[in-house]
Amino acid sequence: MNYYSTGDKKLKQSLREAVLRGLAPDGGLYMPERIKLLPEDQILSFRKKDFKEISGEIAINLFGEDLSEDEILEITDAAISFDTPLIEVEKGVYSLELFHGPTLAFKDVGARFMARMLGHFTKGMDRKINVLVATSGDTGSAVANGFREVDGVRVFILYPSGGVSQLQEKQLTTLGGNITALEISGTFDDCQRMVKSAFQDKNLNDSLILTSANSINLARFLPQSFYYFNAWARLPHSVAGSQAKNEFYVSVPSGNFGNLTAGLIAGRMGLPVKHYIVATNVNDVVPGYMKTGVFTPRPSIPTIANAMDVGNPSNFDRILDLYGHSHEAICDAMSAYAYTDNELRETMGDVYTRTGYLLDPHGAAGYRALNQHSPKDVGTPGVFFETAHPGKFSQTVEGVINSSVEIPENLLEASSKEKVSIPLSTGFSDFKEFLLQTGE
Ligand SMILES: *Cc1c(COP(=O)(O)O)cnc(C)c1O
């Protein structure tokens with residue numbers, strides 16, 4: 001199957017090309033030419049299968065024309081190394097916990113899958129692929145972790161010196177092996193500029209195979225559809241009923257909207273989502289579009305839910321494309337809500353006091369939007385995504401609940417290891433020289 005560019009549908013590429021390139025040559029985003037509907041009895045059978053098995057079947061539906069079933073299952077078996085359990089927070093309201101992966105955020109699923117798919121495509125090549133990532137914190141660690149020990153792939157991760165939290169720095173700089181951390185004496189924007197320049201440098205691209213691993217890569221966003229099916233499959237029988245048509249709400253804390261887009265794709269594959277609920281912080285470009293029909297990107301504003309501090313959501317073009325650019329069709333499918341830091345704190349405190357369930361600031365947005373949208377529809381279960389472990393945002397969370405939060409072992413482990421980074425200036429020529437010397 002081919003993948004077309006959202007910029008120009010006539011511009012098509014194979015799965016392999018699309019994954020290796022990331023972005024289409026015209027700057028558009030790749031979309032699958034067809035999204036195949038799953039038979040109802042297959043969807044129903046997910047009730048008896050675990051997350052890994054479900055993931056394998058969805059991946060075969062998505063990629064089965066290009067890779068053999070064995071190849072796909074090899075990728076999902078290695079990538080889906082943890083569960084995404086569904087927890088009932090209160091009657092009819094469920095949290096899908098996406099934070100049980102190695103870096104305790106949902107990006108682990110997409111990053112691990114993409115790494116293994118890249119590894120597959122580079123098998124038999126005599127050169128390695130060099131993945132360049134600029135990070136302001138969290139994304140980098142999910143990507144770096146996902147690519148760890150994947151044959152044929154080297155990762156160079158650029159982060160601003162002094163610009164990430166101590167814990168985040170440890171997560172980036174203690175992986176070793178095929179992961180190299182470059183500590184740049186500048187800002188995140190400098191890191192991003194250096195990576196962009198590398199992709200445009202002819203000389204560098206003649207000597208090395210370079211690729212990016214950011215969230216616009218289709219191998220990162222499409223696998224996120226797996227856990228939407230798991231959410232539905234894990235709803236208790238008494239709540240979900242016995243038919244594959246029985247609907248549920250799903251509420252997604254959103255920044256770049258890759259996660260939500262994967263959910264829309266899950267719907268096209270037959271998942272019975274009654275309505276999509278989008279939750280953002282005050283970076284409310286998409287809620288604004290829902291109200292006015294006009295999409296107006298603007299600089300992002302820092303919030304306590306900082307993984308959603310995005311002023312120009314990169315996957316929005318994919319959403320427009322899925323709905324033929326119809327504002328009406330988009331409003332039929334989804335509703336969007338935006339919350340201030342105070343509202344997020346209020347929700348975290350309220351839910352903790354009433355139910356004992358501890359939300360992180362992103363999950364709090366998802367919970368609140370779900371309840372704001374569907375309070376009267378008690379017959380339809382609602383699932384919100386808990387996209388990060390509350391321990392990752394312990395300062396904020398502890399400030400709200402007035403007691404300490406358990407920091408998960410994964411995080412503690414990294415913080416006890418020795419930091420290894422290579423300091424570099426913000427000059428492109430230094431970076432280029434370094435890549436030419438060390439890239440393979
Ligand atoms: C990245 C991230 C988000 C936003 O996801 P998008 O796919 O960019 O919309 C939400 N919550 C957490 C914790 C994240 O890391």
Side-chain angles (χ1 to χ4, degrees), residues 29 84 95-114 133 135-146 164-165 167-168 171 213-228 250-266 276-287 289 297 300 302-319 334 336-339 344 348 358-369 384-394 396-397 408 411:
L29 307 181
T84 58
S95 167
L96 187 74
E97 294 187 346
L98 299 174
F99 56 72
H100 296 273
T103 71
L104 311 172
F106 80 89
K107 291 185 179 71
D108 284 329
V109 173
R112 290 177 67 80
F113 187 93
M114 180 186 166
V133 206
T135 186
S136 55
D138 255 15
T139 308
S141 71
V143 170
N145 219 295
V164 302
S165 79
L167 196 60
Q168 283 174 334
Q171 283 188 295
N214 62 23
S215 64
I216 46 117
N217 196 300
L218 69 94
R220 253 192 79 188
F221 100 90
L222 279 174
Q224 294 170 354
S225 59
F226 304 165
Y227 46 69
Y228 282 78
V250 60
S251 174
V252 186
S254 295
N256 267 321
F257 284 76
N259 211 0
L260 193 264
T261 307
L264 302 175
I265 302 255
Y276 294 88
I277 298 160
V278 172
T280 71
N281 54 31
V282 293
N283 294 285
D284 60 353
V285 172
V286 171
Y289 166 82
S300 66
T303 75
I304 57 168
N306 58 27
M308 311 197 300
D309 294 350
V310 179
N312 187 6
S314 53
N315 280 289
F316 195 68
D317 277 345
R318 285 192 162 118
I319 297 177
M334 63 182 95
Y337 303 91
Y339 300 110
L344 297 179
M348 286 158 58
L358 192 55
L359 295 163
D360 97 292
H362 307 80
Y367 171 93
R368 186 156 177 152
F384 67 94
F385 286 175
E386 208 0 318
T387 49
H389 190 289
K392 285 191 99 164
F393 301 90
S394 53
T396 304
V397 175
L411 288 187

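Just so you know, these numbers come straight off a predicted model, no measurement behind them. Counting starts at 1 for both ligands and their atoms, in listed order.
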Results of ring-ring contact (aromatic ring centres under 6.0 Å, His included) for Tyr367 - residues two or more places apart only: Phe384

Set of side-chain hydrogen bond (donor to acceptor under 3.5 Å, both in side chains) partners for Asn256, sequence neighbours left out: Ser314

Proximity of Phe385 and Tyr228 rings by center, below 6.0 Å: yes

Parallel, tilted or perpendicular, as decided by the 30° and 60° cut-offs, for the rings of Phe113 and Phe226: perpendicular

Asn217: side-chain hydrogen bond (donor to acceptor under 3.5 Å, both in side chains) partners, not counting sequence neighbours: none

Ligand 1 polar-atom proximity to protein (N/O, under 3.5 Å):
| unit_1 | atom_1 | unit_2 | atom_2 | d |
| --- | --- | --- | --- | --- |
| ligand 1 | 7 (O) | Gly258 | N | 3.2 |
| ligand 1 | 7 (O) | Asn259 | N | 2.9 |
| ligand 1 | 8 (O) | Asn256 | N | 2.8 |
| ligand 1 | 9 (O) | Gly255 | N | 2.7 |
| ligand 1 | 9 (O) | Asn256 | N | 3.3 |
| ligand 1 | 9 (O) | Phe257 | N | 2.8 |
| ligand 1 | 11 (N) | Thr387 | OG1 | 2.8 |
| ligand 1 | 15 (O) | Lys107 | NZ | 2.5 |

Under 3.5 Å donor-acceptor, Tyr227 side chain and Leu98 backbone: no

